[in-house]
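Here the structure comes first, spelled out in structure tokens, and everything after it is commentary.
Whatever order the structure lists them in is the order used to number ligands and atoms, beginning at 1. If you're wondering where the values come from, they're calculated on a predicted model, not measured in any experiment.
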Amino acid sequence: MSTPGTQPTVEQVQAALATVNDPEIKRPITELGMVDTVEIDEAGVVHLTVLLTVAGCPLKDTINRDVTAAVTKVEGVTGVELQLGVMTAEQRAGLKEVLAGGKAEREIPFAQPGSLTKVYAIASGKGGVGKSSVTVNLALSMAGQGLRVGIVDADIYGHSVPAMLGVADSRPTQVDDLIMPVPTASGVSVISIGMLKPRRDQVVAWRGPMLDRALVQMLADVFWGDLDVLLLDLPPGTGDVAISLGQHLPGAEVVVVTTPQEAAAEVAERAGTMASMMHQRVVGVVENMSYLLHTNPDGSEQRLEVFGSGGGERVASTLSARFGYDVPLLGQVPLDPSLREGGDAGKPIVESDPTAPAARVLHEVANTLAGRGRGLAGMQLGLTPANRL
Ligand SMILES: Nc1ncnc2c1ncn2[C@@H]1O[C@H](COP(=O)(O)OP(=O)(O)O)[C@@H](O)[C@H]1O
Ligand SMILES: [Mg+2]
């Protein structure tokens with residue numbers, strides 16, 4: 001780490017610190033006013049104070065580790081003495097101003113005309129069809145391609161996204177009234193409506209205006225930064241959240257998840273039609289639990305259609321006919337115990353078992369959706385080697 005005789009400069013140390021991002025805000029700590037003092041003694045030991053946004057910041061260990069690692073790499077540095085402090089109210093106000101980019105009024109960034117973020121709402125007719133599983137796997141697949149992805153878990157009945165991403169017990173850090181999305185190991189940031197409750201086991205009868213406020217809060221009061229893609233896990237059906245979303249984010253596009261069953265397809269069509277009534281475009285259908293791959297004693301494989309067949313095709317063709325534009329069937333995801341296990345363990349299948357047939361289909365759907373991106377999302381994908389998967 002050190003070449004004897006070379007004395008590091010404060011500028012070199014500052015440059016190293018500029019490579020460290022705050023894990024929640026995902027911007028250099030130097031830009032956020034988090035670096036308070038930097039001093040280098042004659043022995044080459046760097047003494048520095050880094051300010052956390054709030055006391056007891058859950059990610060202080062990460063900051064500690066990243067800062068120490070970055071400064072240690074500077075030529076001539078023989079040691080790092082890092083002190084963690086906490087921002088004063090005034091410093092926090094300064095940070096909020098930096099984050100707000102000079103805007104005083106909070107607004108939904110994704111609803112602004114210049115927004116480059118693709119917003120996909122994942123909808124279904126009923127619960128238990130795999131909507132959340134599809135959401136988290138699409139998110140991770142896109143993040144794996146280098147896209148910046150956020151998830152809003154707006155399912156009031158079963159906010160299961162945090163658990164599927166391994167952050168069930170995490171709470172967002174709040175800088176005054178600004179909320180930081182919870183970062184996950186895979187780089188995807190998440191906010192769940194469950195995190196807005198004081199306690200996890202508390203039961204809230206989310207409805208009407210309160211629900212609308214919660215949705216706006218998750219979109220406007222959460223500091224999402226620059227996202228390429230935002231995925232929303234909607235509650236099943238055609239309720240209040242779908243209406244609120246249609247009002248606040250009319251530009252959101254909708255992906256309908258269904259199982260192959262006739263009855264499931266019928267309610268899925270209703271969810272799709274609801275989106276269209278809110279002037280949102282339905283971009284496609286994902287059929288989940290399409291079949292179970294069964295290996296016969298002779299080694300040949302057979303598809304067992306546990307939940308019937310044709311649901312995805314049916315929803316796609318019905319909605320295409322109803323709306324007068326093509327609503328494609330984006331993929332058919334097979335049943336796979338490791339998909340459920342991955343969700344339960346907080347390690348979605350596209351990461352834990354990326355070559356499994358179910359994961360491949362989810363990767364394909366993610367590619368299709370990411371490739372449709374206006375602006376940056378599509379461009380970045382153009383550079384992604386096709387053989388990544
Ligand atoms: N293709 C699949 N193969 C196996 N299990 C699945 C599959 N899709 C979903 N599951 C499991 O089914 C349950 C319901 O899925 P979930 O994504 O929570 O549905 P929803 O969000 O629509 O209620 C979960 O336990 C999940 O792990
Ligand atoms: Mg769910």
Can G128 be said to touch ligand 1, with heavy atoms closer than 4.0 Å? yes
Determine, stepwise, if the pair E287 / L329 fulfils side chain to side chain contact (heavy atoms under 4.5 Å, CB included). CA-CA 8 Å; E287 187 185 84; L329 177 59; 4.1 Å; yes
If I apply the N/O under 3.5 Å rule, does D344 come out as touching ligand 1? no
Taking backbone and side chain together, does S132 place any N/O/S atom at a distance below 2.8 Å from the Mg ion (ligand 2)? yes
Could a heavy atom of G127 be found less than 4.0 Å from some atom of ligand 1? yes
Is a side-chain donor or acceptor of D22 paired with a backbone partner of E24 at a separation under 3.5 angstrom? yes
For atom 18 (O) of ligand 1, which candidate among E341, M164, H159, K131 provides the closest heavy atom? M164
Please write down residue, atom name and distance for the protein heavy atom closest to atom 17 (O) of ligand 1. S133 OG, 2.6 Å
Taking atom types as modelled, find out whether T258 and K126 have a side-chain donor-acceptor pair closer than 3.5 angstrom. no
Would you say ligand 1 has an N or O under 3.5 Å from any N or O of N288? yes
Quick look: D155 vs ligand 1, heavy-atom contacts under 4.0 Å, and the answer is neither
Closest to atom 12 (O) of ligand 1 (heavy atoms only, candidates M289, R340, Q332) is M289
Between P334 and ligand 1, which part of the residue brings a heavy atom under 4.0 Å of the ligand: side chain, backbone, both or neither? backbone
Check whether any N or O atom of V134, backbone or side chain, sits under 3.5 Å from an N or O atom of ligand 1, and answer yes or no. no
What protein heavy atom sits nearest atom 19 (O) of ligand 1, and how far off is it? G130 N, 3.0 Å
Non-hydrogen atoms of G343 versus ligand 1: any pair closer than 4.0 Å? no
Just by distance, with hydrogens left out, do E351 and N137 show a side-chain donor and acceptor under 3.5 Å apart? no
If you measure only the distance, is there a donor-acceptor pair under 3.5 Å linking the side chains of R322 and T273? yes
Roughly how far apart are L227 CG and K118 NZ, rounded to 0.5 Å? 14.0 Å
Without hydrogens or angle criteria, can the side chains of Q112 and S115 be said to hold a donor-acceptor pair below 3.5 Å? no
Strictly by modelled atom types, are T49 and D36 linked by a side-chain donor-acceptor pair under 3.5 Å? no
Out of all atoms in ligand 1, which are within 4.0 Å of some heavy atom of S132? Include the element for each. 17 (O), 20 (P), 21 (O)
When you measure from atom 9 (C) of ligand 1 to the protein, is at least one non-hydrogen atom found at a distance under 4.0 Å? yes
Main-chain N/O of A43 paired with T78 side-chain donor or acceptor, under 3.5 Å: yes
Would you kindly say whether S141 and H363 are connected by a side-chain donor-acceptor distance under 3.5 Å? yes
Would you say the side-chain atoms of S244 and Q247 include a donor-acceptor pair closer than 3.5 Å? no
Please state which protein non-hydrogen atom is closest to atom 6 (C) of ligand 1 and give its distance, to 0.1 Å? L339 CD2, 3.7 Å
So which heavy atom in the protein is nearest atom 3 (N) of ligand 1, and how far is it from that ligand atom? D336 N, 2.9 Å
